[in-house]
Amino acid sequence: MESEPGAETADAIDTVEMAAAMRAKRLQEFIKGRRDHLELSQEDVAARLDISARAYGNWERGRVKEWTDRKLCALAEALEMTEYQVERLFRIAVERAPQPDLHALLLKTLPQDPATTAFLDDYRVMMDALSLPTILIDHRWYSKIANKAYRDLFSGVRPHPTAMPARSFLRFGLFHPDAPSILADHTNWQLSMLAQLASSLEKHDQDPALQAIRREVYLHPALHHAYINDMPSWVLSAGADLVHNEGAVRALRHPDPQVGLQGCRLVEETPRSLQALGLTRITFVLTELDDDFGPQGCTQERGHAHDRHAA
């Protein structure tokens, strides 16, 4: 019996649509499964990607107009995937391997073996057990692991395309309009962050992420002025960058009213196993403020300073 005209075409379309639906479901299960394994919310992953939670929700449901290599690589990095998991992500999403150049670039930031992945997973569990905000960062100050106390500290921060604290504490302090509400002595925080940027660029002058931050600083008049004029003087007096001045206490306002305004000392404590991976652990040690700080958390001599945050 001959089929009706157009029936074969309709069947072919149905088959293609069914295959696409099955691939979208597999992709959703794979991405959500990885996120659940890391104990991250959709908002957490969205912050790492510098996109809205709604946009990430569409990613996870497969509602993406086009999966580009860069988009998939960013997702893989945000979900801390191994090389095998990256390969599987691409095979499910676009039915091929990632382009070699982007794949090689991504692998520089990914665990290279199951033992390393297992170690970082265990280290994440340990960090989440800490009551103090703690982050694991790379040389660009991009966050690789942030514990629950750190996420709680910045839980009320509004979305921002490039400066979410779960993605980069350095970018948050320099460019996010909500930064002064948490980093109470914001002028001092920013000067130390600009010093950190300069110090990082001395060691990694060809790094595109650090160069991009410097370009954005130069495009913002107040930050540019501070970077060229105020920061060098601050370094001469403070003698250190953001981390390597563990005697420095800066004001921080916790969103929990029972904690409120606190002094904050950044302490670097990095075991050799993390150093070998190019990672640094930073802990925010909260202390009571002393008399050098005013009621709003600003040091008395700097309380009148103009706020330089970039909107």
Side-chain angles (χ1 to χ4, degrees), residues 12 14-128 135-138 140 142-147 151 164 166-168 208-209 273-274 276-279:
D14 289 342
T15 301
V16 171
E17 291 179 347
M18 185 180 298
M22 291 177 62
R23 187 166 63 249
K25 182 174 177 56
R26 287 179 61 210
L27 184 62
Q28 178 183 12
E29 291 174 348
F30 179 64
I31 295 173
K32 184 178 184 301
R34 182 61 187 166
R35 176 173 63 79
D36 289 344
H37 174 75
L38 297 176
E39 298 183 350
L40 297 173
S41 67
Q42 289 192 350
E43 289 75 14
D44 293 332
V45 182
R48 293 184 176 192
L49 291 165
D50 294 329
I51 61 177
S52 69
R54 181 178 180 181
Y56 174 72
N58 287 332
W59 282 32
E60 196 167 283
R61 288 187 291 271
R63 298 175 182 172
V64 177
K65 185 176 181 180
E66 180 185 8
W67 280 115
T68 64
D69 278 31
R70 289 188 178 277
K71 192 173 290 184
L72 288 168
C73 283
L75 179 61
E77 184 176 2
L79 292 174
E80 302 171 27
M81 293 184 183
T82 64
E83 181 175 2
Y84 169 78
Q85 290 166 336
V86 173
E87 184 84 13
R88 187 177 176 198
L89 173 67
F90 272 78
R91 293 294 182 187
I92 297 173
V94 292
E95 299 181 308
R96 61 170 176 80
Q99 297 295 330
D101 54 342
L102 285 176
H103 195 195
L105 178 63
L106 177 65
L107 289 180
K108 294 179 181 179
T109 67
L110 295 175
Q112 296 297 302
D113 59 79
T116 301
T117 302
F119 167 71
L120 290 177
D121 284 343
D122 290 344
Y123 204 85
R124 179 193 310 280
V125 173
M126 185 276 293
M127 283 178 54
D128 270 334
I135 52 175
L136 207 59
I137 59 172
D138 63 14
R140 306 165 299 170
Y142 276 33
S143 174
K144 297 302 178 183
I145 300 177
N147 73 348
R151 298 194 299 270
M164 294 302 291
R167 179 62 170 162
S168 170
S273 52
L274 290 178
L277 296 173
L279 301 175

The side chain to side chain donor-acceptor pair (under 3.5 Å) partner of Glu60 among Lys32, Gln28, Arg35 is Arg35

*Take Leu279 and Lys144 through the test side-chain contact (heavy atoms from CB on, under 4.5 Å) and record every step on the way to the result.*
CA-CA 8 Å; Leu279 301 175; Lys144 297 302 178 183; 3.7 Å; yes

- Any side-chain heavy-atom pair from Phe90 and Cys73 closer than 4.5 angstrom? yes

Residue set satisfying salt bridge (charged side-chain N to carboxylate O under 4.0 Å, His left out) with Arg54, at least two apart, ordered chain then number -> none

Review point. Side chains of Phe30 and Leu89: does their closest heavy-atom pair fall under 4.5 Å?
Key: yes

Tightest non-hydrogen contact, residues Ala166 and Ala47, listed as CB-CB, 3.9 Å

- Message: Taking Asp69 first and then Arg96, would you say they form a salt bridge - that is, a charged N and a carboxylate O separated by under 4.0 Å?
- Response: yes

For Ala93 and Leu72 the tightest heavy-atom approach is CB-CD2, 3.9 Å

CZ of Arg151 to CG of Asp128, rounded to nearest 0.5 Å, is 5.0 Å

Rounded to the nearest 0.5 Å, the CE atom of Met126 sits from the CG atom of Asp121 at a distance of 13.0 Å

Sequence neighbours excluded, the answer for salt bridge (charged side-chain N to carboxylate O under 4.0 Å, His left out) partners of Glu29 is Lys25

| query | Any side-chain heavy atom of Leu79 within less than 4.5 Å of one from Ile31? | reply | yes

Distance col, row Leu49:CG vs Glu77:CD, nearest 0.5 angstrom, shows 9.0 Å

Rounded to the nearest 0.5 Å, the CG atom of Leu274 sits from the CG atom of Asp138 at a distance of 12.5 Å

When every non-hydrogen atom of Ala76 is compared with those of Val86, the smallest separation belongs to CB-CG2, 3.8 Å

dist Tyr142:OH -> Ile135:CD1 (nearest 0.5 Å) comes out at 13.5 Å

Hits for salt bridge (charged side-chain N to carboxylate O under 4.0 Å, His left out) against Glu95, two or more places apart or cross-chain, chain-then-number order -> Arg23

Here the pair of heavy atoms bringing Ala53 nearest to Gln42 is O-OE1, 4.3 Å

inquiry  = When you compare the side chain of Trp59 with that of Val45, does any pair of heavy atoms fall below 4.5 Å?
reply    = no

Margin query: For a 4.5 angstrom cut-off between non-hydrogen side-chain atoms, does His37 reach Arg34?
Written below: yes

Taken to the nearest 0.5 Å, the spacing of Ser168 OG from Arg48 CZ works out to 13.0 Å

- Message: Is it true that, when you exclude Arg91 itself, more than 12 heavy atoms of the residues, nucleotides or ligands shown sit nearer than 6.0 Å to its CZ?
- Response: yes

Please indicate whether Arg61 has more than 12 foreign heavy atoms, meaning atoms of other residues, nucleotides or ligands, lying under 6.0 Å from its CZ.
-> yes

query: Quick one: are Thr116 and Leu277 in side-chain contact, heavy atoms under 4.5 Å?
result: yes

**Close side-chain approach of Leu120 to Arg124, heavy-atom, < 4.5 Å** = no

